[in-house]
Amino acid sequence: MFTRQDGLKLALAATVAAGTKPGLVLPARAAEPLFKVPPLGYGYDALEPYIDTMTMTIHHDRHHGAYVAALNGLVEKYPDLAAKTPVELLSDLSMVPEAVREPVRNNLGGHWNHSFFWALMPPGGAKEPSGDLKSAIDSSFGSTANLTGKVNAAGLSRFGSGWAWLVVDKNGKLDVISTPNQDTPLEKGVQRVVLGVDVWEHAYYLKYQNKRADYLAAWWNTVNWDRAAANFAKPA
Ligand code: MN3
């Protein structure tokens with residue numbers, strides 16, 4: 001979804017549109033915004049009854065949409081940002097000018113996190129892990145049930161807003177981590193992000209209100225383990 005090639009292409013397009021080198025002057029307003037909310041690829045109602053249609057609609061169109069709108073505003077002011085891919089920027093936020101580092105962390109992070117999240121949940125895939133991923137889960141956690149318990153605990157103990165993740169850490173081992181706000185696991189130097197769950201209240205409040213544990217328990221029914229296996233097999 002965010003390949004280096006895409007980033008370069010986009011940067012080149014922005015440069016051509018501006019008719020000059022990136023960063024020297026503000027580019028002309030592009031006809032097409034650089035960042036877009038990716039289509040879900042399935043219906044807003046496809047994850048019923050686990051995630052309700054209204055939540056999916058508002059979450060995807062408005063919440064994710066707001067991160068993307070803010071991000072496009074940032075890139076308009078700082079066109080050099082477009083020279084790097086989202087993964088490159090989020091993996092090393094020190095390369096982002098300090099004046100916009102926090103908004104980039106929040107809005108590019110929000111864009112990356114949500115794009116990852118939607119792509120993890122298309123209906124119809126495997127309902128449980130198998131193959132290499134299953135072996136790695138058993139080796140690291142003992143069982144899939146132990147893994148889900150650990151992810152749920154990470155999500156429940158995240159005070160306020162954030163995410164819980166299953167990652168392949170910098171040493172190549174599976175690990176469960178949590179990030180606050182829209183921080184991504186990429187800045188932890190992980191090799192791969194296998195799965196993740198949004199525990200912001202906006203992800204569940206309409207249906208589950210304050211019962212984050214009930215949301216997390218239901219959420220596992222939406223995980224497409226074929227997607228998780230593909231994430232496990234390739235870098236973020
Ligand atoms: Mn969210």
Side-chain angles (χ1 to χ4, degrees), residues 1-2 33 35-74 86-87 89-91 93 101-123 148 151-167 176-188 190 193-224 227-228 231 236:
M1 184 172 318
F2 300 119
F35 292 98
K36 291 178 191 163
V37 179
L40 269 185
Y42 45 93
Y44 294 112
D45 61 350
L47 305 181
E48 293 271 9
Y50 311 112
I51 306 180
D52 60 286
T53 305
M54 180 72 86
T55 295
M56 285 298 287
T57 307
I58 294 174
H59 196 179
H60 178 270
D61 293 5
R62 296 196 214 162
H63 289 276
H64 192 166
Y67 299 124
V68 164
L71 189 52
N72 284 320
L74 291 168
V87 169
L89 290 171
L90 292 167
S91 299
L93 285 161
R101 196 170 299 153
E102 279 310 298
V104 166
R105 180 196 297 274
N106 292 335
N107 294 294
L108 185 59
H111 180 43
W112 192 91
N113 287 339
H114 286 86
S115 299
F116 180 93
F117 189 55
W118 313 132
L120 182 66
M121 302 187 290
T148 58
V151 171
N152 292 347
L156 281 170
S157 62
R158 165 54 54 200
F159 185 78
S161 299
W163 295 75
W165 306 96
L166 173 65
V167 299
V176 171
I177 63 170
S178 172
T179 56
N181 305 314
Q182 294 299 353
D183 291 7
T184 72
L186 302 175
E187 66 183 274
K188 311 268 190 196
V190 303
V193 185
V194 180
L195 59 79
V197 57
D198 188 342
V199 297
W200 284 58
E201 281 188 346
H202 69 224
Y204 61 87
Y205 202 83
L206 293 179
K207 183 176 173 80
Y208 298 95
Q209 296 84 47
N210 59 317
K211 294 170 282 188
R212 189 185 285 185
D214 290 0
Y215 157 67
L216 282 166
W219 175 76
W220 288 100
N221 293 290
T222 72
V223 173
N224 182 322
R227 295 298 180 96
N231 293 336

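In listed order, ligands and their atoms are each counted from 1.
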task: Go through the side-chain N and O atoms of Trp219 and Asp198 and say whether any donor and acceptor fall under 3.5 Å apart.
output: no
task: Quickly, which of His60, His114, His202 forms a ring pair (Phe, Tyr, Trp, His ring centres under 6.0 Å) with Tyr67? Name it, please.
output: His114
task: Working to the nearest 0.5 Å, report the span between CG of Asp214 and CD of Gln209.
output: 9.5 Å
message: Applying salt bridge (charged side-chain N to carboxylate O under 4.0 Å, His left out) as the test, list every pair that has at least one member in residues 154-165; sequence neighbours left out.
response: none
field: Neighbouring protein N, O or S atoms of the Mn ion (ligand 1), below 2.8 Å
entry: 4
message: Please give me the minimum heavy-atom distance between Val68 and Phe35, naming the atom from each residue.
response: CG1-O, 3.3 Å
query: Are Trp118 and His59 an aromatic pair by the rule of ring centers under 6.0 Å?
result: yes
